[in-house]
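Note sheet for the following structure.
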Amino acid sequence: MKIAITGKGGVGKTTLSSTLARLYADEGRTVLAADVDPDANLGLALGLSQEEVDAIIPISRMRTLVEERTGANEANKFFKLNPYVADIPEKYAKEINGVKLLVMGTVDVGGSGCVCPEHVMLKAILSSLTYRKNDVVIMDMEAGLEHLARGTAANMDQFIVVIEPGARSVQTYRNVKRLAKDLGIKTVRVVANKVRSEDDEDYIRSVIPTEDLLGFIHYNSEVIEADRQGKSPYDFSSTAIEEIRKIKAHLDQE
């Protein structure tokens, strides 16, 4: 199971990513969760403290590691496009509640066409994660569609687009589905979050094909409170857990 979770900023990608990761970990599965969002907060959602999160150095900022693996430095402007990275998760992942967290970071260079050592390194790591045959890999992606344009998640089994009951979120789903198809990813599913009423559910069903809709997560004040306290929603809301457990059941049937 290799899943990339994407969507607009603030729709609840991290809540879904962290809860799925912990549900799989509770089953005894080996779970690797990759935080690919520049505004990295997956660690908090998995149960790390703010101090523990602050102590994590993203892979993209490990200059010595990037130089060692790519061969790039101030004296050498040429670098490897296929650096060895298979050992990175074991060496640099932080384990919390049975989940191995790998914080990727971002490349502070404008433009989706950046070909620099840091970008090459991150792309190689993301690609290598898809070859972890017996592991569950969940990527909490950055907001927007830049990662699709760069192809950094091109080998995932499927994309899950988290949306809210609104036209702009639905448009994001349609854009992701179109771009994912160009990458050869045939499966793009939807989870509707912050659903408040039957009208919201009816709206989602009217605009999302039945075969693409994984389920609903309803607006939940307990999840909001968990976020305010910097805690894992998994430890705050049994209701949200059960809704996401049903979503996971749909994933497991495929």
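Below, each value reflects all heavy atoms present in this structure, side chains not excepted, and no hydrogens, waters or symmetry copies. Source: prediction; values computed, not measured.
A salt bridge between Asp200 and Arg196 is absent, with no side-chain N of the basic residue lying under 4.0 Å from a carboxylate O of the acidic one. Salt bridge annotation for Asp252-Arg245: absent, with no cationic side-chain nitrogen under 4.0 angstrom from a carboxylate oxygen. Checked for salt-bridge contact, Asp212 and Lys177 meet the test: a charged N lies under 4.0 Å from a carboxylate O. With respect to the salt-bridge test (charged N to carboxylate O, under 4.0 angstrom), the residues Glu243 and Lys248 do not qualify.
Remark: the backbone N or O of Leu42 is paired with a side-chain donor or acceptor of Asp35 at under 3.5 angstrom. Checking side-chain atoms of Asn193 against main-chain N and O of Val11 turns up a donor-acceptor pair under 3.5 Å. Glu52 contributes a side-chain N or O that, together with a main-chain N or O of Ser49, makes up a donor-acceptor pair within less than 3.5 Å. Asp135 places no side-chain N or O within 3.5 Å of a backbone atom of Val137 that could act as its donor or acceptor partner. The closest donor-acceptor contact from the side chain of Ser237 to the backbone of Pro233 lies at 3.5 Å or more, if one exists at all. With hydrogens and angles ignored, the 3.5 Å screen pairs a side-chain donor or acceptor of Arg69 with a backbone N or O of Tyr84.
Linking ILVMFWY side-chain heavy atoms closer than 4.5 Å, directly or via other members, places Leu23 and Ile217 in a single hydrophobic cluster. Linking ILVMFWY residues whenever their side-chain heavy atoms come closer than 4.5 Å, directly or via other members, places Leu213 and Ile185 in the same cluster. Criterion: ILVMFWY side-chain heavy atoms under 4.5 Å apart, direct or through other members. Under it, Phe216 and Val207 are part of a common hydrophobic cluster. By the rule that hydrophobic residues join a cluster once side-chain heavy atoms approach within less than 4.5 Å of another member, Val223 and Leu48 end up as members of separate clusters.
With Ile244 as the partner, the side chain to side chain contact (heavy atoms under 4.5 Å, CB included) test is satisfied by one option alone out of Val191, Leu214, Thr19: Thr19.
The heavy-atom pair separating Tyr234 from Ile241 by the smallest distance is O-CD1, 3.0 Å. Listed here is the closest heavy atom pair of Lys194 and Pro165: O-CD, 4.1 Å. For the pair Thr14 and Ala45, the tightest heavy-atom approach, listed with the atom from each and the gap, is CG2-CB, 3.5 Å. Heavy atoms only, all atoms of each residue included: Gly230 and Leu44 are closest at O-CD2, 3.6 Å. Residues Val99 and Ala25 share a closest heavy-atom pair of CG2-CB, 3.8 Å. Residues Leu32 and Pro89 approach most closely at CD1-CB, 3.3 Å, considering heavy atoms.
The distance from atom CG of Asp227 to atom CD of Gln229, rounded to the nearest 0.5 Å, is 10.0 Å. In this structure, CD1 on Ile5 lies 5.0 Å from CG on Leu20, to the nearest 0.5 angstrom. With values rounded to the nearest 0.5 angstrom, Ile59 atom CD1 is found 11.0 Å from Lys91 atom NZ. In this structure, CZ on Arg22 lies 7.5 Å from CG on Leu46, to the nearest 0.5 angstrom. With values rounded to the nearest 0.5 angstrom, Lys13 atom NZ is found 6.5 Å from Thr6 atom OG1. Atom OG in Ser169 sits 6.5 Å away from atom NZ in Lys8 (nearest 0.5 Å).
Atom CD of Glu198 has 12 or fewer neighbouring heavy atoms from other residues, nucleotides or ligands inside a 6.0 Å radius. Enclosure of atom CD1 in Ile224 by more than 12 non-hydrogen atoms of other residues, nucleotides or ligands within 6.0 angstrom is indicated.
A cation-pi arrangement is absent between Lys231 and Phe236, since the terminal nitrogen or guanidinium carbon is not both under 6.0 Å from the aromatic centre and inside a 45° cone about the axis.
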Candidate pair Ile160 and Leu16, rule side-chain contact (heavy atoms from CB on, under 4.5 Å), full reasoning: CA-CA 10 Å; Ile160 297 177; Leu16 178 62; 3.9 Å; yes
Worked verdict on Arg205 versus Glu201 for salt bridge (charged side-chain N to carboxylate O under 4.0 Å, His left out): CA-CA 6 Å; Arg205 290 191 179 100; Glu201 292 186 17; 3.4 Å; yes
Stepwise salt bridge (charged side-chain N to carboxylate O under 4.0 Å, His left out) test for Lys100 and Glu95: CA-CA 4 Å; Lys100 296 179 180 178; Glu95 186 160 345; 5.5 Å; no
Chi angles and distances behind the side-chain contact (heavy atoms from CB on, under 4.5 Å) call for Val36, Leu122: CA-CA 9 Å; Val36 195; Leu122 296 186; over 6 Å; no
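Using a 4.5 Å heavy-atom cutoff, the side chains of Val188 and Val161 are in contact.
The closest side-chain donor-acceptor pair between Thr187 and Gln158, if any, does not fall under 3.5 angstrom. Between the side chains of Asp87 and Tyr92, no donor N or O sits under 3.5 Å from an acceptor N or O.
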